[in-house]
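Let me begin by presenting the structure, written as structure tokens, before commenting on it.
A, B, ... follow the sequence lines: proteins, then strands. Residue 1 opens every chain. The figures that follow rest on heavy atoms only: side chains count, while hydrogens, waters and symmetry mates do not.
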Amino acid sequence: MSEHETHEVENISTNLLLQTVDSLLLDGWRLIQVLALSTTEGYEVNYSFGGGYAMKTLRLHVGPKQSVPSITSYYAAAAYYENEMRDLFGVRIERIHPDWHNDIMGEKTPRAFSRVRVQGTSVERPVPLDAPPVPLASSPAADAQEGAIK
Amino acid sequence: MSGSPNAGPGLTVIPFGPQHPVLPEPLHFDLTLQDEKVVDAIPQIGYIHRGLEMLVEKRDFTDYVHVAERICGICSFMHGMGYCEAIETIMDLTVPDRGRWLRTFWCELERVHSHLMWLGLAADAFGFENLFHATWRAREIVLDVAEETAGGRVIYGSCIVGGTSTNPENETLDRCVKELSKVRAETIRLAEVFIGEPTVRHRLEKVGVLGRGKAYALGAVGPMLRASGVDYDMRRKGYEAYPELTFATMVETSGDCMARAKVRIREIDESLRLLGEIVARMPGGPVAVPVKGAPEGEGWVRVEQPRGEALYFVRANGKRNPERFRVRTPTFANIPAMVEVMVGSQLADVPTIILTIDPCISCTER
């Protein structure tokens, strides 16, 4: 049996994404990958899920300014794909957890102890009162000003 | 660095990598520690991102095989083959029997070479240098066989769209199998040390335990998944000559570092046995079909690399250069599970845990 014979591709609209992903999760499907393509109308986003050796792909067509909801609340592993997809293609994805703020590829942010990596981790870590006043939220303006390890 | 804005009271954040003695390739973690216990790990990739996926837009689809092979220096052949299979799916090309069996031969050869390399690196990581040298000495024979049959020790260069570019003689393949029998004998000897030596067991047993449910849910693949008790091997799906071969899938249930090592050691033995069977049953005839025209459509292919399932996607529009190529590598899929395993472990075990997923950062960065 060849691979493509057990692969289904289903076109869905953005507002049905979470509902469909939820039902796949309940049916025992696991995430295989997420990939984006640039198209003339914006982007195409493909979410592939595996159940046994079968594969199912959900395909979304989104405009350049349209947002896609994150599926990380259903599949934690999606965070790596979604952050990379936003970083490399510019796809707007809402509420990724954890959120690398357009920096999973690490081109803008100084290395270790980067403040952008504080957010969205699985452990709540209160900032001590005597800590230097480093803003915890990353913003394009703050990123632009950042040139060295704080 | 206690008191850093990243750390809370009683917590310390330390950087691990990108340059570290146990990491052959650059990968960075911010490890949050409570005493010696890891309570959080945040990975950072991107140090060697090369944009190889995007390069497909600028290369002829037949030439891009050589780029795909260079995604990784360890599973180079399978990257090239995965790309070729995706193009062949689109163009509805049927690779001749001998081409399919030769590809399978090199796939298994690559699995043996990769696992032996990993065993050596793992031994080096926990300070067993003799074992490292002995393992890599055995691996050298495998590389010699690769050179003799394909022409390259690291980048094979033998896979092309439509089949293979090299066609080793049957006598050469028979001689290679005899050479590989030495590797099998050596692997059995090394396995006894790896599995039975108390110092090795002390570092690997009950360390970095990944449960069956979590391994599946987090998308782990390959030996990482099979060591947690999930019987899943893409070769069983059937591609190249695998539907005509019978082989065992190695599964362990304890989910710790030792289980991951055992899966790989047993896979070496099974792959060496398969190599003998492949050569014994190697069909004759041509190894490739001519490729005419240009691909139009999309192809999805999944193969079982040494580190696990890899996915290849190609979309082409009828021109010589495809629109999009995507490879989801096994290490990328294993990162969430690796982070899960690290949390709760001791700092001293972090290098061992990272190595037992057999990370390939070149693959991950593409």
Side-chain angles (χ1 to χ4, degrees), chain A residues 1-4 6-7 9 25 28 30-39 44 46 48 50 52-55 57 75-81 83-84 87-88 98 100 103-107 109 111-115 117-118 120-128 130-134 136 150, chain B residues 1 3-9 11 13-18 28 30 32 39-47 49 51 53-54 85 89 216-221 232 234 236-239 243 298-303 309 311 313 315 323-324 326-328 332-333 335-337 339-340 343 365:
Chain A
M1 187 188 297
S2 62
E3 160 57 16
H4 56 277
T6 55
H7 181 207
V9 180
L25 179 67
R30 69 182 196 142
L31 184 70
I32 292 181
Q33 65 90 35
V34 186
L35 81 90
L37 296 90
S38 296
T39 62
E44 180 187 305
N46 292 272
S48 300
Y53 291 98
M55 189 162 79
T57 297
Y75 290 97
Y80 299 89
Y81 300 103
N83 274 288
E84 187 192 59
D87 206 347
L88 295 180
W100 273 266
D103 199 35
I104 192 170
M105 307 310 292
E107 291 172 350
T109 312
R111 294 267 71 86
F113 314 117
S114 162
R115 60 188 164 72
R117 276 174 270 149
V118 177
T121 60
S122 57
V123 176
E124 288 295 328
R125 290 172 294 184
V127 179
D130 58 349
V134 179
L136 283 175
K150 297 260 192 290
Chain B
M1 189 158 176
S4 126
N6 285 14
L11 298 178
V13 179
I14 66 161
F16 186 92
H28 173 82
D30 275 348
T32 305
V39 295
D40 195 13
I42 306 171
Q44 177 91 44
I45 58 174
Y47 290 90
H49 183 73
E53 287 182 351
M54 195 174 180
E85 281 191 13
T89 303
Y216 186 82
L218 288 169
V221 294
Y232 186 81
M234 285 313 297
R236 298 241 302 270
K237 180 79 179 131
Y239 57 91
E298 66 180 44
W300 299 76
V301 164
R302 286 189 287 168
V303 302
E309 173 195 342
L311 179 144
F313 167 81
R315 179 174 293 176
E323 274 182 8
R324 175 84 162 101
R326 156 76 159 166
V327 49
R328 198 298 317 274
F332 200 99
I335 287 177
V339 171
E340 176 69 26
V343 174
E365 305 285 19

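Looking at A:Leu25, neither its backbone nor its side chain comes within 4.5 Å of chain B, counting heavy atoms on both sides. For A:Ser38, no part lies under 4.5 angstrom from a heavy atom of chain B. Only the side chain of B:Val339 comes within contact range of chain A, with at least one heavy atom under 4.5 Å from a heavy atom of that chain. With a 4.5 angstrom heavy-atom cutoff, B:Glu53 does not touch chain A via any of its atoms.
Under a 4.0 Å N-O distance rule, the pair B:Glu309/B:Lys237 does not qualify as a salt bridge.
Under the ring-ring contact (aromatic ring centres under 6.0 Å, His included) criterion, B:Tyr216 pairs with no residue at all, not counting sequence neighbours. Applying the side chain to side chain contact (heavy atoms under 4.5 Å, CB included) test to A:Ala78 and every residue at least two apart in sequence or in another chain returns A:Leu31, A:Ile71, A:Thr72, A:Tyr75, A:Glu82.
Between the side chain of B:Arg328 and the backbone N or O of A:Ile32, at least one donor-acceptor pair lies under 3.5 Å.
In terms of non-hydrogen atom pairs under 4.5 Å with chain A, the most contact-rich of B:Glu85, B:Arg236, B:Glu323 is B:Arg236.
Side chains of A:Ser48 and B:Phe313 form no contact here, defined as non-hydrogen atoms less than 4.5 Å apart.
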